[in-house]
Amino acid sequence: MLPLIALCFWLLTPAVTTAHNGPHTDEPTLENVSVGFAGACRVGEWTPVSVDVTGPAGLSVTMQVTVPDADGNPAISTFGPVTLDGHKPRTIVGTIKPGQLESDARIDIVAEPTILASETVRITSLPHATRLWAIPDEVPGFVDAAASLNDRRESSETPAVQILDITALDQLPVARNAWASLDLIVLRGSTDVSPKHGEMLRQWVLDGGRLVLLIGSESDAYLQSPLAEWVPVEITGELELRDLGMLRPLVPRSGTVRIRRSVSAARLALPTGRVLAPGSNGPILARAPYGFGTCTISAVDLHDGPLARWDGLVDLSLLMAETDEDNTAALSQSDSEIALTGVSHLLTQVISAVDQFDTVAARSHWEVIGWLLLYLLLVGPIDYLLVHRLLRRPHWTWVTLPCWIIAGAVGGTILAQNSNAATIEVRQLDIWDIDTASSRSRLRSWVSVFSPETRRYEIGFASNEAVGLDATDDPGRIAWAAPAEEGFRGQYRSGGLQLARPSYRYSPTGNAVENLPLNIWSSKVLTGEWVGEPQAQSEWIKSDLVDDGTGRLQGTLTHQLPAPIEEWFLAYGNTVYLPEEDRETGDTVPLDPDTIWQPGGAIRSRMLKGFLTGVTLALVKRQEGTGEDVVRNRETYDPLERDPYRIVRMLSFYENAGGADYARLSNNAMRQLDLSHLLPLQRAILFGRIDRRAASYTVDGETVGEDARETFVRIVLPVRRAVATD
């Protein structure tokens with residue numbers, strides 16, 4: 001018997017080996033597997049993954065990366081193909097979205113349909129509250145600033161800032177969305193930047209990144225780099241400074257900047273933006289908007305000279321990194337702290353607002369507990385009283401108990417059928433951003449798909465051509481979405497790669513999900529992202545807004561969007577401009593296409609923070625004596641709010657409203673969608689609702705979501721300064 005078993009094993013072994021390795025005699029090998037930035041990545045955000053592959057020359061392979069989503073289901077992404085070059089390694093780079101704090105990722109090198117090589121790596125993701133700063137190691141100010149923020153979070157297991165040491169920008173991977181999770185990039189004027197990485201950096205800033213440039217005496221090297229072609233702060237030469245006292249007002253508690261000899265500095269010219277520290281021959285420190293991001297430039301060195309020994313360098317670095325007191329307060333709270341409501345992030349509110357359907361009667365937890373208690377009473381005490389006391393036939397419990405079980409199953413099924421829809425239901429929320437200065441559009445969308453049966457679906461995402469978003473350079477990207485919480489279906493859980501769970505796959509272009517599994521009467525929330533520069537955008541908005549020198553807006557504004565903008569307002573600086581209201585209904589008069597609107601003639605304007613927080617003043621009669629007192633009331637932000645308008649408005653002006661101090665919710669998971677930082681930089685923001693879809697979704701090839709959808713438009717408008725006249 002044993003010889004027969006050995007013979008069968010010997011005969012089957014070559015077949016198994018051939019099936020795994022395919023027809024190629026030389027197997028590819030994997031080296032230098034990397035996930036994130038030197039292993040650092042954030043949960044729920046796009047992070048780079050790269051691997052060096054060596055194998056037979058001429059062999060075409062792809063990289064498949066399997067990583068669990070927030071539900072624990074394996075999500076498969078495909079990158080490539082690349083053609084191997086014999087003994088010379090080829091690097092394959094892609095981006096993945098980790099769904100849990102602790103999980104495994106499996107990387108397969110595939111020549112369809114055969115897996116040629118495989119490796120599993122452990123991913124330890126950081127929570128959203130941790131910033132990722134890419135900084136050269138010779139800039140101590142920002143390193144010390146990160147250490148200062150980390151010291152304020154000693155009670156937390158995760159750091160407030162994770163430093164990524166880069167001596168050259170070329171160390172960062174080049175792939176679509178690869179830098180999406182970076183919060184700050186600091187570069188010196190002499191930092192080596194290739195044209196390819198320079199374009200990646202430009203796209204990253206356009207989409208909301210924060211760039212800090214330290215020029216100092218390195219103006220000549222900077223002017224030779226690709227950055228000088230697009231950074232909105234111009235370098236017009238060099239100068240010698242004998243006084244840096246203009247930096248001290250930025251850090252009130254700091255000492256005097258002592259200079260023994262002159263300091264070499266760059267001569268800055270600021271066409272638009274904000275001068276943070278003025279000098280006699282131009283700005284010393286300036287910040288300018290670029291798309292939805294910002295560029296902050298220092299004319300002097302921070303890593304050498306008198307500033308390197310200044311006691312205010314840490315606070316100055318925090319200012320340049322745009323980490324103010326409100327952000328620091330938010331950083332001091334651990335993401336693991338769950339509020340009494342179970343909601344601690346604005347992202348959770350967004351998903352909750354999307355994941356609700358009019359045709360589905362969601363049962364509360366208390367109602368479910370009530371039904372369970374009633375069922376336990378039936379099969380327990382009530383059944384006992386029935387068969388023991390009333391019928392006096394204890395052995396009849398063998399009949400009554402199955403009856404209770406059958407009745408419970410039938411009743412539960414009927415209740416579930418009456419509470420859930422019998423067809424596929426879709427609900428959609430779009431945030432459509434337009435920056436008129438850079439002709440840039442940015443789209444962030446969420447969609448929830450409810451399934452009446454257990455099956456698999458194919459979900460496609462695209463920017464909507466019907467409203468003019470027809471750019472073909474980027475098809476967009478779709479992926480899972482989940483609350484930033486520790487609870488059920490949340491991201492802040494530890495898990496692993498469970499291959500036994502049903503998996504699904506992203507299309508090679510990334511704008512579709514294939515074979516998405518959904519159980520009966522369940523839903524799945526997905527998010528789509530797209531950026532581009534559609535040609536039609538130059539005709540959408542026409543504005544000539546002017547700051548008259550007092551912070552008040554003058555000029556005109558008109559749009560040619562495909563529908564009126566409803567429930568809208570215009571924010572600039574600390575002021576919000578409100579349109580007229582209909583005298584009969586009290587509703588805001590919509591801003592119709594081709595209608596010229598003048599903010600200088602607005603009937604109503606008020607302080608922006610008071611408008612966002614619902615501050616009202618009321619006269620109250622004194623209980624004792626005579627006269628009246630003015631009482632200031634402020635609305636309390638509800639973490640269980642499900643109104644998309646209020647949620648998106650808070651998301652758009654989070655810091656202007658007071659940040660975590662007012663909302664009592666963190667916005668770390670969607671900080672790039674907060675436009676507050678643009679308002680002090682000669683930018684006005686038009687916010688409103690539009691009755692059109694900015695994103696298009698398909699389910700199994702059919703367009704869905706026309707009825708249940710909300711679209712909010714946020715238009716960033718340039719504001720020029722009034723020219724002083726005698």
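Counting heavy atoms from C-beta on, the side chains of L346 and M650 come closer than 4.5 Å. Under the 4.5 Å side-chain criterion, counting only non-hydrogen atoms from C-beta, L578 is not in contact with L570. In this structure, P173 and F37 have side chains that are in contact, with non-hydrogen atoms separated by less than 4.5 Å. Two residues are said to be in side-chain contact when any heavy atoms from C-beta on lie closer than 4.5 Å; V251 and L313 fail this criterion.
Judged by distance alone, the side chains of S148 and D151 never bring a donor and an acceptor atom under 3.5 Å apart. In summary, the side chains of S676 and N656 do present a donor paired with an acceptor at a separation below 3.5 Å, with no hydrogens or angles considered. With no hydrogens or angles considered, no side-chain donor-acceptor pair links T613 and E635 at under 3.5 Å. For the 3.5 Å distance criterion, the side chains of Y662 and E655 fail to qualify, holding no donor opposite an acceptor. Under 3.5 Å, the side chains of H197 and S194 contain a donor-acceptor pair of N or O atoms. Donor-acceptor pairing under 3.5 Å is lacking for the side chains of Q162 and T130. A donor-acceptor contact under 3.5 angstrom links the side chains of S344 and E485, judged on distance only. No side-chain donor-acceptor contact under 3.5 Å links S262 and R242. Between the side chains of T296 and R210, no donor N or O sits under 3.5 Å from an acceptor N or O. For the residue pair E45 / S181, no side-chain donor-acceptor distance below 3.5 Å is found, with atom types taken as modelled.
Screening residues 219-238 for side chain to side chain donor-acceptor pair (under 3.5 Å) gives no qualifying pairs among residues at least two apart or on separate chains.
Residue D144 places its CG atom among more than 12 non-hydrogen atoms of other residues, nucleotides or ligands, all under 6.0 Å distant. The 12-atom threshold is not exceeded at CZ of R274, counting heavy atoms of other residues, nucleotides or ligands nearer than 6.0 Å.
Side chain of R287 to main chain of V275: no donor-acceptor pair is present (N/O by atom type, distance under 3.5 Å, no hydrogens or angles). A side-chain donor-acceptor contact under 3.5 Å links H128 to the backbone of V43. With Q171 contributing its side chain and T167 its backbone, the two residues share a donor-acceptor pair below 3.5 Å.
In this structure, F611 and F569 have perpendicular ring planes: the angle between them is above 60°, well past the 30° mark. Note on ring orientation: taking the six-membered ring where Trp is involved, the planes of F687 and F712 are parallel (angle under 30°, cut-offs 30° and 60°).
Classification of R720 and D544 as a salt-bridged pair holds, one side-chain N sitting under 4.0 Å from a carboxylate O. Look at D183 and R42 and you find a salt bridge, because one of the NZ, NE, NH1 or NH2 atoms lies within 4.0 Å of a carboxylate O, short of that distance. Using a cut-off of 4.0 Å between Lys/Arg side-chain N and Asp/Glu carboxylate O, D433 and R714 are scored as salt-bridged. Under the 4.0 Å criterion applied to side-chain N and carboxylate O atoms, R646 and D638 are not assigned as salt-bridge partners.
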*asked:* If you apply the rule side-chain contact (heavy atoms from CB on, under 4.5 Å), what do you find for E102 with R122, and how did you get there?
replied: CA-CA 8 Å; E102 297 281 346; R122 187 68 176 175; 3.4 Å; yes
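The side-chain tip of R442 points at the ring of F292 from less than 6.0 angstrom away and within 45° of straight on.
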